[in-house]
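Predicted model only: the values in this text are computed from it and were never measured. Scope of the values below: all heavy atoms of this structure, side chains included, with no hydrogens, waters or symmetry mates. Letters go in sequence order (proteins before strands), and every chain restarts at 1.
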Amino acid sequence: MNRAIQRTQILTGHLLSSSPSQSSPLSQKPCLNYSPPELTENYEFDLGEMRKLLDGHNLEDRDWLFGLMLQSPLFNPRERGGKVFVLPDYNQSMEQQREMTLKRIQYLAERGVFTGWLTSRGIESELRMLAFIDVLAIFDHSLFLKLVVHFLGWGSAIKFSGTKIHHDKWLRDTENYVIKGCFAMSELGHGSNVRGIETVTTYDPKREEFVISTPCESGQKYWIGGAANHATHTVVFSQLNINGSNQGVHAFIAQIRDAGNLCPNIRIADCGHKIGLNGVDNGRIWFDNVRIPRENLLNSVADVTPDGKYLSAIKDPDQRFAAFLAPLTSGRVTIASCAVYQSKIGLAIAIRYSLTRRAFSVTPNGPEVLLLDYPSHQRRLLPLLAKTYAMSFAANYLKMIYVKRTPESNKTIHVVSCAFKAVLTWHNTRTLQECREACGGQGLKTENRVGHLKAEYDVQSTLEGDNNVLMQQVSKALLAQYIAARKRNKPFQGLGLEHMNRPCPVIPSQLTSSVLRCSQLQTNAFCLRERDLLNRFAAEVSQHQTKGENKENAFLLSYQLAEDLGRAFSDRSIFQTFIEAEETVCDLPLKNVLGLLRSMYVLICMEEDVAFLRYGYLSTNNAAAVRKEVTKLCSELRPHALGLVSSLGIPDAFLSPIAFNWVDANSWSSVKN
Amino acid sequence: MGSLSLRLVSSRDQEEQEVVVEEKSSSFVRILTLNRPKQLNALSLQMICRLWDLFLAYEQDPNVKIVILKGKGRAFCAGGDVASVVRDINQGKWRSGAEFFRKEYMLNFVMATYRKPQVSILNGIVMGGGAGASIHGRFRVATENSVFAMPETALGLFPDVGASYYLSRLPGFFGEYVGLTGTRLDGAEMLACGLATHFVPSARLSMLEAALCKVNSTDPAIISAIIDEYSQQPNIKERSAYRRLDVIDRCFSRRTVEDILYSLEREVIDKEDEWISATIESLKKASPTSLKISLRSIREGRLQGVGQCLVREYRMVYHVLQGEVSKDFSEGCRAILIDKDKKPKWEPSNLELISDSMVDMYFSKVNDEEFEDLKLPARSNLPVSAIAKL
């Protein structure tokens, strides 16, 4: 009843405010006014509580860092439409952008932002670091990446692959940004396949030194962030050759610059201008028999004695290799989380714009209609918003299992981080494209962010692992679980596959609206798909094998099912994180809107993935019911749109002028200023 | 807030005149004078209600183009009349205290989003609630007599009245400095940091007023040009805090109050600096709880619209009045306003005893059935400058 009265009041308010008022000095002008959505839209849930749920951790720290950037001229504050926005000047040359990124990092270091990033241990300090990384990426991807390379590439390699001698020597200076590190792993000829890299290191027992060399052009280190201009040191990934026998990939420390000059036997070239990320100085490195002390082998898993004997606690070269790749996991965690924040920026801008921009009237001489009041526009943006909410919970879950990692959970973290990194970054690429289009021509302006972010973040789908390769690893891991469970006739355990032990769920033949919104049905639909696809995938692989294909090849030939399965696993895992987040909420209005978002997330996944129809999890009638329900959910989410984008944890200054008073931001007086 | 008096208002008539309205014939200007000079024009609930009525009426009245707000005597306004609030708290009626703040913040919001230019003549003390009644307006005219301060942390409160909005938007981390230390700024400093829009020598104020009374426009550019004619560029005194922006930025940008204090102390390790020592002193005298919630309030406010700031501050002040975590507000008022021994006994007594979750309490939803969040008044047809503050 209260709600009805409230709604009537809102409608009355709409009608009254749209009639021209005599006292308004602007009403005589036949010109569009910008009407802030805050004055007409209302919030039915507590924005602060929702933000807490989405950001998940360290909100106060985040706000501090936002403020730190906002209050410094280094972050290029500009006033548009009466508000201040911070955004790098992307019209600067590549060299200038790199210098600015460096200056920003130095400023942040002086203010203590990086304190404890490497020298503290424990969940609390890691979570704070992850929160700060989210915030830095909200300002600029170059800033994020240059720091991720330095702290999570170089820094983590020393911290996790090195031992006390390395920690004592490098960590403090790295944290204070006195030493600037980079991470030389990928080569011109080898990216995702790290084991195939060609850089080779030998040991010289006479001088107790390692000798690193680039044997051929395809072995040059490539895309090394920080190498072109600023880095003083690098971690070098290289084959280790001891007395003619190859011990596999190991990590070494080499100094590449001293007082601004290149070190002897190091050649460096610039990777040049890129489609985005020009604030990062990516470079290429050639090592011409570079000599480094024996201690510069990061020796937590393997060591070479002074007289040249190879020692390793881990006998299995696969496991040894995996240990060296550990820093990549933290990179994937941050990339996944930051991808979600970029989707949030895009959606906040596009949805705010669609709440203030009108186009066409539906009645003769009637007022033009708000973009977001078009059902088609809702259908473009609101499902993406629901997915972004779901992925926000997924990213938080990933961060939590990462900071609470144990040797036992490493495998889960690896699989989940691969899946989420791929799915969340793909979602971001797609969302930014839709948001750019939803803003029309305004989306093209760099200052409006959405369009430009597409280029800035395009790299995320191949960075720290090509998404397609990562997803193959996911389906491979699932298959391994399947084979292990079947072979030993044991129940499934881990990766959320326990549902495989239960009876196969059944989808009712008639899906009504209330059934579709029920979390049990939603769980069943996702589990049914994953279960069936895993069975099919395992059967197909084994079929190929019986025809004489080897295991690898059988797997490659089954790539279509592998892709479907990877998606099914990811969607179901993300869904579970949503359910878990929802369960922590008691507040009724918040719970209601989360329920709508969750249903939207599931139903849009069901609508988009043809597997549901292809394999008959949904009848054609049921597929039609799903599609209809999506439209209905769009109209139910529409009244919450402003509240939902206002809870995303992106301060106004980090959005863009079209998200606010775009009329004034484009006025003649703003041209004159 | 920050009234220095406990005197009771005696009669209804006097209440009516606590805000004097001047309306010159054939003028589009209304001059409102805060008229409780003995109390340094501290805002009573009645004054707030009167201002509320007048401001809303003038906004609708096509015959009003400019609203001038000034104070009688040596103060513009020394704050909200918290004496009555403290009296209520001490009698267990803290909810009526909350009512005072609710009305005051609503007025602050109307001023911040006002459709017509408000010109505040700040010829004297401007503190706490007095700042809230002026800084949100379009024009703030400082003089050689201006004394600005947000002294709440010394009283066990926090800079409220929308201060988390305007302090956080001062250059660099000057807002943190002003809000945490409660330092006093003169007119020149107010102009330099943006709290004031103009500096007019007090001798020229009557001429300025007369000139404004001839204006028949709400155009801020026209009004600004008129005030410009009487303005001066004042000199910032040699020992002004505004000349120490580098230190302020370095230290007050730190993440926590403890870090801020630590960095200030480090600045004076090997060289003496009177100003820094005084700054440290004022932080050490303030309520530790107040410092922590004030810092967080300013930091959150930096990222929020003025309405959100006021809604949040209202929650905060309600928690302060409830006194669940700390009763420093009562204690501060006792020590500064009532007993005047100037020796408050803060509880918790130092920063280390205040956990993050205790600070969180002040920002959380209020657990009281009678509590309602601040409902901001509906606004429409806002000027560009007001839209930008939402």
Side-chain angles (χ1 to χ4, degrees), chain A residues 9 13 16-18 20-27 33-40 46-49 52 58-68 70-73 79-84 107 110-113 115 128 587 646 649-654 660-661 663-665 667 669-670, chain B residues 59-62 65 113 115-116 168-176 217-219 221 249-256 259 262-263 292 295-305 307-308 311-312 315 356 359-360 363-365 373 376 378-390:
Chain A
Q9 283 170 342
L16 290 180
S17 66
S18 59
S21 123
Q22 281 307 311
S23 61
S24 161
L26 291 171
S27 61
N33 274 334
Y34 171 83
S35 169
E38 284 81 1
L39 298 185
T40 44
D46 188 296
L47 303 187
E49 293 299 314
K52 242 186 242 172
N58 299 86
L59 272 73
E60 197 181 349
D61 294 326
R62 289 167 195 264
D63 287 350
W64 169 62
L65 182 50
F66 280 127
L68 216 47
L70 205 45
Q71 296 305 98
S72 162
E79 203 196 299
R80 306 282 278 112
K83 285 180 90 90
V84 173
Y107 164 82
E110 280 163 19
R111 300 299 150 109
V113 174
T115 306
R128 181 184 296 147
D587 180 70
S646 304
I650 318 282
D652 293 357
F654 293 77
F660 299 94
N661 192 346
V663 178
D664 193 61
S667 67
S669 61
S670 75
Chain B
E59 197 164 44
Q60 299 302 326
D61 184 348
K65 304 276 165 96
T113 55
R115 292 218 297 260
K116 297 173 183 179
S168 62
R169 281 156 177 82
L170 300 184
F173 297 83
F174 198 63
E176 273 94 337
S217 167
T218 59
D219 184 348
D249 275 2
R250 223 171 20 243
C251 299
F252 282 86
S253 61
R254 294 284 156 169
R255 192 168 63 88
T256 62
D259 290 350
Y262 177 70
S263 60
K292 287 210 164 183
L295 181 63
R296 173 148 164 202
S297 174
I298 292 168
R299 299 261 159 99
E300 280 196 22
R302 186 164 277 142
L303 309 172
Q304 291 175 325
Q308 286 171 292
V311 170
R312 174 178 40 74
R315 275 192 189 183
D356 286 351
V359 176
D360 282 343
F363 295 81
S364 63
K365 282 177 106 170
D373 270 322
L376 299 171
R379 310 290 291 147
S380 58
N381 295 320
L382 298 182
V384 167
S385 60
I387 286 175
K389 292 185 198 170
L390 291 174

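- You'll find the side chain of A:Leu39 stays beyond 4.5 Å of the side chain of B:Ile387, heavy atoms only.
- Using a 4.5 Å cut-off between heavy atoms, B:Leu170 touches chain A through its backbone atoms (N, CA, C, O) alone.
- For chain B, the nearby part of A:Glu110 is the backbone; its heavy atoms alone come within less than 4.5 Å.
- The pair A:Arg111-B:Asp249 does not count as a salt bridge, with every side-chain nitrogen at least 4.0 angstrom from each carboxylate oxygen.
- Annotation: maximal heavy-atom pairing with chain A below 4.5 Å, among B:Arg255, B:Gln308, B:Arg296, B:Arg302, occurs at B:Arg255.
- If you take CG on B:Leu382 and CD on A:Glu38, they are separated by 10.5 Å, rounding to the nearest 0.5 Å.
- Between B:Phe173 and A:Leu68 the shortest side-chain heavy-atom distance falls below 4.5 Å.
- With hydrogens and angles disregarded, no donor-acceptor distance shorter than 3.5 Å links the side chain of A:Trp64 to the backbone of B:Glu300.
- Sorted pairs that involve residues 380-390 of chain B and meet salt bridge (Lys or Arg N to Asp or Glu O under 4.0 Å), not counting sequence neighbours, are lacking altogether.
- Atom CG of B:Asp356 has 12 or fewer heavy atoms from other residues, nucleotides or ligands within 6.0 Å.
- Residue A:Arg80 does not touch chain B at all, counting heavy-atom pairs closer than 4.5 Å.
- A heavy-atom distance below 4.5 Å is found between the side chains of B:Leu303 and A:Leu70.
- Within the 4.5 angstrom heavy-atom criterion, no atom of B:Ser385 approaches chain A.
- Residues A:Gln71 and B:Arg169 fail the side-chain proximity criterion, which asks for heavy atoms closer than 4.5 Å.
- Scored by the side chain to side chain donor-acceptor pair (under 3.5 Å) test, B:Asp219 finds no partners at all (sequence neighbours excluded).
- In plain terms, the two heavy atoms of A:Gly81 and B:Ala388 that are nearest each other are O-CB, 3.8 Å.
- Smallest separation of non-hydrogen atoms from B:Lys365 and A:Asp587: NZ-OD1, 3.4 Å.
- Residue contact with chain A, scored on non-hydrogen atoms closer than 4.5 Å, involves the backbone of B:Ser168 exclusively.
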| request: With salt bridge (Lys or Arg N to Asp or Glu O under 4.0 Å) as the test, would you mind laying out the steps for A:Asp63 and B:Arg312 before giving the verdict? | output: CA-CA 15 Å; A:Asp63 287 350; B:Arg312 174 178 40 74; over 6 Å; no
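- Contacts between B:Pro171 and chain A at a heavy-atom distance below 4.5 Å involve the backbone alone (N, CA, C, O).
- Annotation: maximal heavy-atom pairing with chain B below 4.5 Å, among A:Val113, A:Asp61, A:Val84, occurs at A:Asp61.
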